[in-house]
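Letters go in sequence order (proteins before strands), and every chain restarts at 1.
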Amino acid sequence: MERGNFVSKKILLLDGNSLAYRAFFALPLLTNDNGIHTNAVYGFTTMLQKLLEEEQPTHMMVAFDAGKTTFRNEAYKEYKGGRQKTPPELSEQFPYLRKLLDAYQIKQYELDNYEADDIIGTLSLQAEQAGDQVVVVSGDKDLTQLASNSTVVYITRKGITDIEKYTVGHIQEKYGLTPLQIIDMKGLMGDSSDNIPGVPGVGEKTALKLLAKYHSVEGVYEAIEDQKGKMKEKLVENEELAYLSKKLATIERQAPVTVSIDELGYEGPDQDELVRIWNELAFKSLLEKLDYTAEETEKEDLHFDVLETVDASLLEDGMAVHLELYDEHYHSCELLGVSLASDKATYVIPMEVAAQSEALRTWLESGSTKKYMSDSKAATAAFLRNGIKIDGVDFDLMLGAYIVNPSLKYTDLADIVREYGYSDVSTNEQVYGKGAKKKVPEAAILQEHMARKARAIFNVRPVVVKKLEENEQFDLYDKLELPLAKVLGQMESLGVKVDRQQLAEMGVELKRKLEMIEQEIFALAGQEFNINSPKQLGVILFEQLGLPAIKKTKTGYSTAADVLEKLEGKHEIIHHILMYRQLGKLLSTYIEGLLKEIHEDGKVHTRFQQALTTTGRLSSTNPNLQNIPVRLEEGRKIRKAFVPSEPGWVMVAADYSQIELRVLAHMSKDESLIEAFQSDLDIHTKTASDVFNVSLDKVTSDMRRAAKAVNFGIVYGISDYGLSQNLNITRKEAADFIERYLASFPGVQGYMTSIVDQAKKDGFVTTLMNRRRYLPDINSSNFNLRSFAERTAMNTPIQGSAADVIKQAMIEMDAALEREGLKSKMLLQVHDELIFEAPPEELDRLMKLVPEVMESAVELNVPLKVDIATGNTWYDTK
DNA sequence: GCTTGCAAA
DNA sequence: GAGAGTTTGCAAGCT
C-alpha cells in the first residue's frame, strides 16, 4: 500500500492575471536599473512569499487567462467588453513574472478558450473529491463561489498582502448566502468589471434581499407574481439577461484541463535562480531578508583548546567569558561548560572541569580582572547556584546591542552578532534542535559552539562600543544598564518567598465558587458547555439567547469583557460569565500558575528581561511578577501569599506618584503642568478643573474620572477613538475633550507636535538618558503604520524616561543598602515601584532612605514623589 | 502555533 | 473607506 496517498495535501491555486493586476494598481510604479517596471512583479513576489510561509503548501499552481476570447464570448459577445486595455507598463512585466515563477519552480498553466477561473474551478473540484485541502487566491470576488468545506478562497483586500478569507461561514455571515448563491447574486446584479449585465436597476442590496427570500434566480422568477410595480417590470423585462448573466458568472468546473494535481507538487524555489532574478529586478529588501535567513553559512575555521585543568596563567585581564546554558531558564537549567577568548587564544572548559577549578573561581570572582560577556545576568545567576560570585564584568554584548537598537530580538547570540556583520557562530536552535528533538549534541559540536560564542563576544565588542560612543549612548549602557544587570541578578537569585499554603487555600475556595457560578450559567443557558471557549460561548449568547452581537473577531463573535459589559442588564447570564472569567483567571494564572513556579527554597525566582522592551522597561517572566492583580479586591488577595523570607520581617512597597506625567511636565516644560506638580496638586483633579473650566473644589468625581482617562491617553499617544472607547462616549465628544486638554496645556501640545516632527526628521526618538527607539514607519504613506509610529513617538520618550529614572534609582538603592550596612533587600521592580523586605529594626531607617534615594535619583524641573507603605505581606503594603 | 482574553504599569 | 491608546506574559481552546 502506498502511504503517500494518505498524507493530506494542501493545494494553493493562484489567479495569476488578477493578482498581477491588483499588485500593479496597489503599488507605485517602481523601475529597476534598466527602466523596466517592476511593481506588479514585486507585489506578486511579496504576496507569494507570505503565502508560502503561512500556508506551507504541498502543491501549487498559478493559472493565467489564455488569449482574448473564451467560451463566454460565444454566449455573449460583449463579455469583458469595454475593458481598458492592459497598460503597457503592466504587459511588459508578465515575462518577468513567468520567469519568477519558474525560479520558484511553481507550475503555470493556461488553457485556450478558458479563463484562469475555470482552470482553478476544475482543479479545486478534483482536489475536493480527493479529500484535499485547497486555498484559492485571487483579486476577483467571483472566485468566492468555489468556497466549500475543504476550499477557502482568499481575496486581496487592499494592497496585495492584506487578504480576506472567504470560507463558507464567512460568506454566510457577510452576505447571508451559500457560495453557489454568489453566482445568483452576480446573475441579478451583474458585474461591471466583466461587463456582465445583470438586471438593470438591481444592485447588491436588492439582489441580497431577493436571494434571502427566493434563494436563486430561478426562485425569483418562479415567484415573480410576488413582485410589484417597477421592480416586477424590471425583472420581467430582463429575465433572459438574468439567466445569461448567471451563466456567464458561473465558473466552469469541468474544463478540459490536461494537468493533474499530482503534477503540481511544490518542492521550493531554485535558490540560485531566484537570487539571480531578484538581482535583475533589483529587489533589494527581499535579497537582504534572504541573506538573513540563509542556512548555516560557511564559517572561518576556529582553533580552540579544550582544557582538562585550568592553569591560572591562562586567565587574563580582558577576556570574553561565556557560560553555556541548556535553555533560557537559568535559575534551574543545566550548565554545560565555560568558554574563554582573548586576542591570543580560545579555550573551552567542560563543565565538570570548570566546577572543580579553584583557579577559574578565583579569576571569575576577582573584581580587578575585566570580563567581557553577553547576558552577564544569566551567567551570574547560574554561576551563583554553584556558589561562584562573578565580579569584574566590564562589558555585556547583549545589553550594548540592545541600547544601540532596542527594537531587535536578543534571544540568541548568533542573531546579535549578525547585526554587526559577524556570522561565525551558530544559533542555539541550529546546535540543539527545537521542540521534542532538542538535545545536547555530542561533545565536539557543543565545544565548538561554545568556543565560537566566546570568540564572537570578544571580536564584536569593539564594534558595539564604537557604535555606542557614536550615538552618545555609552554612558546609558555603561553607567545604567550594565550596573543594573548586576543588581537585577542579585534580586532574582534572592527570590521572593511565597506562602504555598495560603495559595492552596485560596485555590480551594475559588474552585468552589467557580463550580457554583458554572451551575448557574448552565441553568441560565439551558445547557452545559465550555464557558472558557469563546466559540461555544458566542453560540450560546448570540444564537441561543439571541443577545445582540456588538463586535466580531476574525473567527467569530467577540466575547471580550468590554463587549459583555455593554450587555449587562440584558441578560442575567452576563454578570455570571464576567464573574466566572475573573475568578477563572485568578485560579489558572495566579494560583495554579504561581504554585508551579515555586522552587525548593519556597521562593519564586523571576527573570527580569533587560533587553526586551522597545521602550526601555523591564519585563518579568516565570513567573511574571509585574502583573499580580491589584485593582479588584478578589485578585488583590493573591498578594497575601507574597511574604518576607525571614520570620518577623516585613514587606515594604515604594511607588513613584505619577512618574510619567511628571516626566511629561519636565520634557514639555508646560508651565501649568509644572506648577501643578510643584504645588503637589492631585493631577487628575487639576486637569479636570482646567479642561472643564471649573475651580478645583467644583470638580466632580465624573469629571476627575474623565480627566484621568485623558491623562492616560496623553501618556499612551492619544486618539479620539481610543478615548471614546475608554470613557464610553462618542468619538466627537472624545475629540472635544482632547482639544480642550491641549488648549489648557499648550506646552504639552507643542511638545507632541515637535516630538513627531523630530522623529520624522531623525528617524528615531530619545529619552532623558538618551535611550533611542527607531521609527522606520514615521514617514510611511500607509495611514495605519504612520499613525502607530506617531503615537509611538509621543509615548516612548515618556514611558522610556520613566524607565530610565527607576533604573537609576535601583542602582542607587542597591548602593545605599550596601553603604548603610542594612540587611534589608530589594526584591522586585514593577515599572514605577520597588518592593523590599526588611527586618523590623531597620524599618524606620528604610522608610526614610528609600524615598530619599528614589526622589533624588534624577533631577527634573518638577519634584519626584514617592509613596511608601509596609505590611506583613505584599497585600498589606497599602 | 495561532487566537482570544486578561492581568499589570 | 477603514483605520483607531503604550508596553508586556500567560492560560485556554482549537486546528
Under a 4.0 Å N-O cut-off, is there an ion pair linking [X] with [Y]?
| X | Y | result |
| --- | --- | --- |
| A:K637 | A:E633 | yes |
| A:D736 | A:K732 | no |
| A:D140 | A:R22 | no |
| A:D132 | A:K10 | no |
| A:R639 | A:D876 | no |
| A:E164 | A:K174 | yes |

Atom [atom1] of [X] and atom [atom2] of [N]: how far apart are they, to the nearest Å?
| X | N | atom1 | atom2 | answer |
| --- | --- | --- | --- | --- |
| A:I577 | B:dC6 | CD1 | C1' | 16 Å |
| A:Q829 | B:dA9 | CD | P | 12 Å |
| A:I835 | B:dA8 | CD1 | P | 14 Å |
| A:L785 | C:dA2 | CG | P | 19 Å |
| A:L661 | B:dA9 | CG | P | 15 Å |
| A:Q582 | B:dA8 | CD | P | 10 Å |
| A:K50 | B:dC2 | NZ | P | 13 Å |
| A:Q658 | B:dA9 | CD | C1' | 12 Å |

### Query
What's the closest nucleotide to the A:Q609 side chain, out of B:dG5, C:dG9, C:dT6?
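Nearest to the side-chain atoms of A:Q609, counting from C-beta on, is C:dG9.
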### Query
Can you tell which of B:dA9, C:dG9, B:dG5 lies closest to the side chain of A:S619?
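Side chain of A:S619 sits closest to C:dG9.
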### Message
Is the positively charged end of A:R731 above the ring of A:Y721, judged by distance under 6.0 angstrom from the centroid and angle within 45° of the axis?
### Response
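No; the conditions do not both hold, so A:R731 does not lie above the ring face of A:Y721.
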What nucleic acid atoms does [X] come within less than 4.0 Å of, heavy atoms only: base, sugar-phosphate, or nothing?
| X | value |
| --- | --- |
| A:V715 | nothing |
| A:R731 | base |
| A:I628 | sugar-phosphate |
| A:R636 | nothing |
| A:F712 | base |
| A:S787 | nothing |

### Chi angles and distances behind the ring pair (Phe, Tyr, Trp, His ring centres under 6.0 Å) call for A:Y741, A:F745
CA-CA 6 Å; A:Y741 174 92; A:F745 298 97; 4.8 Å; yes
### Message
According to salt bridge (charged side-chain N to carboxylate O under 4.0 Å, His left out), who are the partners of A:R581, at least two apart in sequence or on a separate chain?
### Response
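Salt bridge (charged side-chain N to carboxylate O under 4.0 Å, His left out) list for A:R581, sorted by chain: empty.
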### Query
Is the shortest side-chain N/O distance from A:R631 to OP1 or OP2 of B:dA8 below 4.0 Å?
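Result: yes.
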### Task
Tell me whether the OP1 or OP2 atom of B:dA9 has a side-chain N or O from A:T615 closer than 4.0 Å.
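For A:T615, the contact criterion (side-chain N or O under 4.0 Å from OP1 or OP2 of B:dA9) is not met.
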### Query
Of the residues in residues 789-806 of chain A, which ones touch DNA chain B at a heavy-atom distance under 4.0 Å?
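DNA chain B contact set from residues 789-806 of chain A: none.
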### Task
Using a 4.0 Å cut-off on protein heavy atoms (strictly under), produce a 5'-to-3' string for nucleotides 10-15 of chain C with B for base contact, S for backbone-only sugar-phosphate contact, and - for none.
SSSSSS
### Task
Report yes or no: does A:T606 contribute a side-chain atom to a donor-acceptor pair with the main-chain N or O of A:P623 at less than 3.5 Å?
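Yes; judged by distance alone, with no hydrogens or angles, the pair exists.
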### Query
Using atom P of each nucleotide, how far apart are C:dA4 and B:dT4 to the nearest Å?
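C:dA4 and B:dT4 have their P atoms separated by 14 Å.
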